[in-house]
Amino acid sequence: MFSDDEETKKRKQAEKDEKLANLRKRLEDAQVSTSVIDDGHIGYALRSRYALGDEEKAFELLLFMKDAISGVVRPYDPNVHMLGAVNRGNVTCWLDATLFAMFSNLTSFEPMLHATFEDSKKNRLVILIRLWVNLLRAGK
(Lines give C-alpha, C1' and ligand atoms only; values in the text may rest on other atoms or scores of the structure.)
Protein backbone atom coordinates (compact mmCIF):
# COMPACT_ATOMS: atom_id res chain seq x y z
CA MET A 1 0.00 0.00 0.00
CA PHE A 2 1.25 3.53 -0.84
CA SER A 3 4.18 2.24 -2.85
CA ASP A 4 4.83 1.06 -6.37
CA ASP A 5 4.44 -2.61 -7.16
CA GLU A 6 7.41 -4.54 -8.53
CA GLU A 7 6.26 -4.19 -12.13
CA THR A 8 5.99 -0.41 -11.81
CA LYS A 9 9.43 -0.25 -10.15
CA LYS A 10 10.93 -2.27 -13.02
CA ARG A 11 9.25 -0.05 -15.61
CA LYS A 12 10.48 3.14 -13.91
CA GLN A 13 14.03 1.76 -13.69
CA ALA A 14 13.92 0.77 -17.38
CA GLU A 15 12.81 4.34 -18.24
CA LYS A 16 15.68 5.80 -16.20
CA ASP A 17 18.16 3.42 -17.84
CA GLU A 18 16.88 4.38 -21.28
CA LYS A 19 17.20 8.10 -20.52
CA LEU A 20 20.76 7.54 -19.24
CA ALA A 21 21.66 5.63 -22.40
CA ASN A 22 20.08 8.28 -24.64
CA LEU A 23 21.95 11.09 -22.89
CA ARG A 24 25.20 9.13 -22.96
CA LYS A 25 24.77 8.72 -26.73
CA ARG A 26 23.93 12.40 -27.25
CA LEU A 27 27.02 13.43 -25.28
CA GLU A 28 29.13 11.03 -27.33
CA ASP A 29 27.67 12.50 -30.55
CA ALA A 30 28.51 16.00 -29.22
CA GLN A 31 32.06 14.74 -28.58
CA VAL A 32 31.84 15.29 -24.81
CA SER A 33 34.42 13.09 -23.11
CA THR A 34 33.33 10.69 -20.37
CA SER A 35 36.36 11.91 -18.44
CA VAL A 36 34.59 15.28 -18.17
CA ILE A 37 30.95 14.16 -17.88
CA ASP A 38 30.26 10.69 -16.49
CA ASP A 39 27.18 8.66 -15.53
CA GLY A 40 27.07 10.34 -12.12
CA HIS A 41 26.75 13.72 -13.79
CA ILE A 42 24.06 12.38 -16.13
CA GLY A 43 22.04 10.94 -13.25
CA TYR A 44 22.36 14.18 -11.30
CA ALA A 45 21.24 16.25 -14.30
CA LEU A 46 18.16 14.08 -14.80
CA ARG A 47 17.19 14.28 -11.11
CA SER A 48 17.91 18.01 -10.82
CA ARG A 49 15.22 20.57 -10.11
CA TYR A 50 16.16 22.11 -13.44
CA ALA A 51 15.40 19.02 -15.54
CA LEU A 52 12.92 17.08 -13.40
CA GLY A 53 13.56 13.99 -15.52
CA ASP A 54 13.24 15.82 -18.87
CA GLU A 55 15.98 14.60 -21.24
CA GLU A 56 16.23 17.88 -23.17
CA LYS A 57 16.70 19.97 -20.05
CA ALA A 58 19.12 17.42 -18.60
CA PHE A 59 21.18 17.53 -21.81
CA GLU A 60 21.22 21.32 -21.70
CA LEU A 61 22.38 21.22 -18.06
CA LEU A 62 25.07 18.66 -18.92
CA LEU A 63 26.47 21.00 -21.58
CA PHE A 64 26.56 23.80 -19.01
CA MET A 65 28.30 21.42 -16.60
CA LYS A 66 30.85 20.46 -19.26
CA ASP A 67 31.66 24.11 -19.88
CA ALA A 68 32.00 24.84 -16.16
CA ILE A 69 34.30 21.85 -15.64
CA SER A 70 36.34 22.83 -18.71
CA GLY A 71 36.81 26.40 -17.46
CA VAL A 72 34.49 28.11 -19.95
CA VAL A 73 32.84 31.29 -18.66
CA ARG A 74 29.95 32.70 -20.64
CA PRO A 75 30.33 36.44 -21.33
CA TYR A 76 27.78 38.95 -20.11
CA ASP A 77 25.15 39.76 -22.76
CA PRO A 78 22.89 42.74 -22.05
CA ASN A 79 20.22 41.22 -24.30
CA VAL A 80 19.77 38.19 -22.03
CA HIS A 81 17.10 38.48 -19.36
CA MET A 82 18.87 37.00 -16.34
CA LEU A 83 17.10 35.06 -13.62
CA GLY A 84 18.38 34.41 -10.11
CA ALA A 85 18.54 31.03 -8.42
CA VAL A 86 15.77 29.17 -6.61
CA ASN A 87 15.59 30.20 -2.96
CA ARG A 88 16.06 26.82 -1.27
CA GLY A 89 14.30 26.50 2.03
CA ASN A 90 13.95 30.28 2.22
CA VAL A 91 17.58 30.54 3.35
CA THR A 92 19.63 31.07 0.16
CA CYS A 93 18.26 34.41 -1.03
CA TRP A 94 21.28 36.23 0.44
CA LEU A 95 23.66 33.95 -1.47
CA ASP A 96 21.71 34.38 -4.70
CA ALA A 97 21.69 38.18 -4.31
CA THR A 98 25.42 38.26 -3.55
CA LEU A 99 26.41 36.08 -6.50
CA PHE A 100 24.02 37.94 -8.80
CA ALA A 101 25.59 41.27 -7.80
CA MET A 102 29.11 39.91 -8.22
CA PHE A 103 28.72 38.15 -11.57
CA SER A 104 25.71 39.46 -13.50
CA ASN A 105 27.73 42.00 -15.48
CA LEU A 106 30.67 43.21 -13.39
CA THR A 107 34.12 42.08 -14.45
CA SER A 108 35.75 42.80 -11.08
CA PHE A 109 35.17 39.26 -9.83
CA GLU A 110 35.76 37.49 -13.16
CA PRO A 111 39.32 36.33 -12.25
CA MET A 112 37.83 34.11 -9.52
CA LEU A 113 36.11 32.08 -12.23
CA HIS A 114 39.41 31.25 -13.90
CA ALA A 115 41.33 30.28 -10.76
CA THR A 116 42.69 26.80 -10.10
CA PHE A 117 43.77 25.50 -6.72
CA GLU A 118 45.77 22.61 -5.31
CA ASP A 119 42.85 21.90 -2.97
CA SER A 120 40.20 19.83 -4.78
CA LYS A 121 37.40 21.27 -2.62
CA LYS A 122 38.28 24.80 -3.73
CA ASN A 123 38.38 23.66 -7.37
CA ARG A 124 34.94 22.08 -7.04
CA LEU A 125 33.63 25.34 -5.58
CA VAL A 126 35.05 27.32 -8.52
CA ILE A 127 33.39 24.87 -10.95
CA LEU A 128 30.08 25.20 -9.13
CA ILE A 129 30.24 29.01 -9.20
CA ARG A 130 31.20 28.88 -12.91
CA LEU A 131 28.14 26.70 -13.56
CA TRP A 132 25.94 29.16 -11.64
CA VAL A 133 27.36 32.15 -13.52
CA ASN A 134 26.97 30.46 -16.92
CA LEU A 135 23.35 29.56 -16.15
CA LEU A 136 22.72 33.12 -14.91
CA ARG A 137 24.23 34.73 -17.98
CA ALA A 138 22.28 32.40 -20.25
CA GLY A 139 19.02 33.45 -18.64
CA LYS A 140 18.44 30.05 -17.06
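Count residues from 1 along the sequence.
Taking CG of Asn123 as the start and CZ of Phe117 as the end, the distance is 7.0 Å to the nearest 0.5 Å. Between Met65 atom CE and Ile69 atom CD1 the span is 5.5 Å, to the nearest 0.5 Å. Here the CD-OG distance, from Glu28 to Ser33, works out to 11.0 Å after rounding to the nearest 0.5 Å. For the atom pair Asn22 CG and Leu46 CG, the distance stands at 9.5 Å (nearest 0.5 Å). The distance from the CG atom of Asn134 to the NZ atom of Lys66 is 10.5 Å, given to the nearest 0.5 Å. If you take OH on Tyr44 and CG on Leu62, they are separated by 11.0 Å, rounding to the nearest 0.5 Å.
Counting all heavy atoms, side chain and backbone alike, His114 lies closest to Gly71 at ND1-O, 4.2 Å. Residues Ala45 and Ala51 come closest through the heavy atom pair O-CB, 3.1 Å. Counting all heavy atoms, side chain and backbone alike, Glu110 lies closest to Val73 at OE2-CG1, 3.3 Å.
Proximity of Thr116 to Val126: side-chain heavy atoms (C-beta onward) are nowhere separated by under 4.5 Å. Side-chain contact between Lys140 and Glu60: present, with at least one pair of heavy atoms (C-beta onward) separated by less than 4.5 Å. When side chains are defined from C-beta on, Asn87 does not count as touching Asp96, because their heavy atoms never get closer than 4.5 Å. No side-chain heavy atom of Ile37 sits under 4.5 Å from any side-chain heavy atom of Leu63.
Salt-bridge formation is not detected for the pair Arg11/Glu7: no Lys NZ or Arg NE/NH1/NH2 atom is positioned less than 4.0 Å from an Asp or Glu carboxylate oxygen.
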Stepwise, does the side chain to side chain donor-acceptor pair (under 3.5 Å) test hold for Thr8 with Asp5?
-> CA-CA 5 Å; Thr8 302; Asp5 59 29; 2.7 Å; yes
Given the rule in the side chain to side chain contact (heavy atoms under 4.5 Å, CB included) test, do Arg49 and Val86 qualify, once you have shown the distances and angles that lead to the verdict?
-> CA-CA 9 Å; Arg49 292 176 93 179; Val86 173; 3.6 Å; yes
Side chain to side chain contact (heavy atoms under 4.5 Å, CB included) assessment of Val80 paired with Arg137 = CA-CA 7 Å; Val80 172; Arg137 291 179 178 176; over 6 Å; no
In sequence, state the C-alpha distance, the side-chain angles, and the governing distance for Lys9 and Glu6, and then conclude on salt bridge (charged side-chain N to carboxylate O under 4.0 Å, His left out).
-> CA-CA 5 Å; Lys9 287 179 184 176; Glu6 287 304 311; 3.7 Å; yes
Before giving the answer on side chain to side chain contact (heavy atoms under 4.5 Å, CB included), spell out for Ile42 and Leu27 the whole-Å C-alpha distance, their side-chain angles and the decisive distance to 0.1 Å.
-> CA-CA 10 Å; Ile42 297 171; Leu27 289 167; 3.8 Å; yes
Checking salt bridge (charged side-chain N to carboxylate O under 4.0 Å, His left out) for the pair Lys25/Glu55: CA distance, chi angles, key distance, verdict?
-> CA-CA 12 Å; Lys25 174 75 170 104; Glu55 280 185 57; over 6 Å; no
List the steps, then state whether side chain to side chain contact (heavy atoms under 4.5 Å, CB included) holds for Leu61 with Leu135.
-> CA-CA 9 Å; Leu61 182 57; Leu135 287 166; 4.3 Å; yes
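With a 6.0 Å cutoff to the six-membered ring centre and a 45° limit on the axis angle, Arg26 counts as a cation-pi contact of Phe59.
Follow the hydrophobic side-chain contacts under 4.5 Å out from Val36 and you reach Ile127 in the same cluster. Two different hydrophobic clusters hold Val133 and Val72 under the rule that ILVMFWY side chains link at heavy-atom gaps under 4.5 Å. One hydrophobic cluster, built from ILVMFWY side chains closer than 4.5 Å, cannot hold both Phe100 and Tyr50; they sit in different ones. Trp132 and Trp94 end up in the same hydrophobic cluster when Ile, Leu, Val, Met, Phe, Trp and Tyr side chains are linked at under 4.5 Å. Hydrophobic clustering (side-chain heavy atoms under 4.5 Å, transitive across Ile, Leu, Val, Met, Phe, Trp, Tyr) keeps Leu128 apart from Leu83.
Remark: Gln13 CD is packed, more than 12 non-hydrogen atoms of other residues, nucleotides or ligands lying under 6.0 Å away. Annotation: Tyr76, atom OH; neighbour count of heavy atoms from other residues, nucleotides and ligands within 6.0 Å is above 12.
Of the candidates Asp29, Asp39, Asp38, Thr34, Arg24 forms a side-chain hydrogen bond (donor to acceptor under 3.5 Å, both in side chains) with just one, namely Asp39.
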